[in-house]
Amino acid sequence: MALVPYEEGAGWGARQLHSPSATFHFASRTIRLQQDWRRLGVAAVVWDAAVVLCAYLEMEGIDLRDRSVIELGAGTGLLGIVATLLGARVTMTDREAALEFLESNVQANLPSELRPRAVVKELTWGKDLDNFPPGAFDFVLGADIVYLEETFAELLQTLEHLCSEQTVILLACRIRYERDHKFLKMLRDRFSVYEVHYDSSKDVHIYKAQRSSRRDDF
């Protein structure tokens with residue numbers, strides 16, 4: 001799931017996370033997402049990293065039209081919904097416990113003609129990867145999925161399975177702990193990694209990674 005460390009009593013941010021819904025405006029549409037902290041915890045709330053990455057996709061004019069996109073740790077579905085609205089064919093993945101909630105947000109926020117372009121599918125990193133075609137995706141997206149050190153090896157294994165040399169990985173994250181830097185080092189051992197954006201107001205970094213040693217344009 002799209003889990004990150006969280007502390008109770010964090011003021012305004014905590015109130016936002018505990019709100020039953022959250023509203024955003026992307027891709028010329030209003031997106032209203034249900035949240036359910038009490039039932040599903042951090043997998044069922046919108047985190048800043050997802051909002052920043054959605055804004056980056058629009059701000060930079062990333063061409064997602066008819067591109068094949070997979071999102072890891074989709075949570076509430078904001079990022080995958082926005083990618084679909086921007087023209088992509090999107091597979092949104094998370095652990096089994098979050099799928100029904102994720103699917104309900106997707107169905108509520110995509111017009112009927114776009115719903116066939118968004119698929120919700122179970123994926124636990126490092127498990128059952130044969131259910132996903134290797135190297136078949138143009139983009140791999142992730143927002144605040146770097147959180148538990150014990151999952152780093154499985155996450156890297158999953159990225160390697162999903163990516164060809166042409167695949168672009170975009171990861172948005174807030175660097176909270178030394179272990180986050182450890183993951184970036186592990187990622188750089190296997191991919192070419194560049195920081196392409198930093199939102200100082202939300203303290204969120206966006207990294208682009210590719211198998212290729214050269215930095216290609218989108």
Side-chain angles (χ1 to χ4, degrees), residues 1-8 10 17 35-37 39-54 69-80 83 90-103 119-137 139-164 167-195 202-211:
M1 295 182 185
L3 304 178
V4 295
Y6 173 77
E7 295 181 1
E8 289 285 353
L17 296 178
Q35 300 190 127
D36 196 340
W37 171 269
R39 185 165 66 92
L40 292 171
V42 292
V45 295
V46 179
W47 297 93
D48 284 344
V51 179
V52 171
L53 187 46
C54 288
V69 173
I70 185 167
E71 183 187 2
L72 305 181
T76 61
L78 176 64
L79 182 55
V90 183
T91 301
M92 300 181 218
T93 69
D94 214 315
R95 293 182 180 178
E96 192 278 332
L99 296 187
E100 181 180 356
F101 182 78
L102 171 59
E103 179 71 43
V119 175
V120 171
K121 193 169 181 179
E122 180 181 0
L123 172 58
T124 299
W125 302 334
K127 309 291 185 184
D128 301 320
L129 294 178
D130 290 342
N131 293 331
F132 298 83
F137 297 94
F139 287 85
V140 178
L141 305 179
D144 251 338
I145 62 173
V146 178
Y147 57 93
L148 292 177
E149 189 169 354
E150 57 265 33
T151 67
F152 287 175
E154 288 79 10
L155 176 55
L156 284 171
Q157 179 188 358
T158 301
L159 290 172
E160 288 190 302
H161 176 83
L162 296 173
C163 293
S164 69
T167 304
V168 173
I169 302 169
L170 290 174
L171 297 179
C173 57
R174 181 175 291 161
I175 304 299
R176 297 175 174 86
Y177 304 105
E178 184 59 35
R179 63 176 179 261
D180 302 337
H181 292 286
K182 179 179 179 180
F183 176 78
L184 291 173
K185 182 181 184 302
M186 293 169 66
L187 188 65
R188 289 188 173 101
D189 287 342
R190 306 190 193 188
F191 295 85
S192 297
V193 181
Y194 309 89
E195 183 172 345
K202 291 182 168 55
D203 191 24
V204 170
H205 303 259
I206 297 178
Y207 297 95
K208 173 188 175 183
Q210 289 183 276
R211 282 186 181 274

Non-hydrogen atoms of [X] and [Y] that approach each other most closely:
X      : Y      : answer
His161 : Leu129 : NE2-O, 2.9 Å
Phe132 : Leu162 : CB-CD2, 3.9 Å
Val146 : Asp180 : O-OD1, 3.8 Å
Arg211 : Ser192 : O-OG, 4.5 Å
Val204 : Ala49  : CG1-CA, 3.9 Å
Ala143 : Leu79  : CB-CD2, 4.3 Å

- Query: Should Arg190 and Glu160 count as an ion pair when the cut-off is N to O under 4.0 Å?
  - Reply: yes
- Item | Presence of salt bridge, Arg174 and Asp144, under 4.0 angstrom |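 Judged by the 4.0 Å cut-off on N to carboxylate O distance, Asp144 and Arg174 do not form a salt bridge.
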Is the side chain of [X] donor-acceptor paired with the backbone N or O of [Y] at a distance under 3.5 Å, no angle test?
X      : Y      : value
Glu154 : Trp125 : no
Glu122 : Asp94  : no
Thr158 : Gly126 : yes
Thr93  : Glu71  : yes

For the residue pair [X] and [Y], establish whether any side-chain heavy-atom pair is separated by less than 4.5 Å.
X      : Y      : value
Val193 : Ile169 : no
Leu170 : Val140 : no
Tyr207 : Leu187 : no
Thr167 : Gln210 : no
Leu78  : Val51  : yes

- In chain order, what residues pass the side chain to side chain donor-acceptor pair (under 3.5 Å) check against Glu103, with sequence neighbours excluded? Gln107
Straight-line distance of [X] [atom1] to [Y] [atom2], nearest 0.5 Å:
X      : Y      : atom1 : atom2 : answer
Phe137 : Ile70  : CZ    : CD1   : 4.0 Å
Thr76  : Met92  : OG1   : CE    : 10.0 Å
Ile206 : Glu195 : CD1   : CD    : 9.0 Å
Leu72  : Thr124 : CG    : OG1   : 11.5 Å
Gln157 : Lys127 : CD    : NZ    : 8.5 Å

- Task: Quickly, which of Ile145, Leu155, Leu141 forms a side-chain contact (heavy atoms from CB on, under 4.5 Å) with Leu171? Name it, please.
- Result: Ile145
- Item | Six-ring centre of Phe191, Lys208 cation under 6.0 angstrom, axis tolerance 45° | no
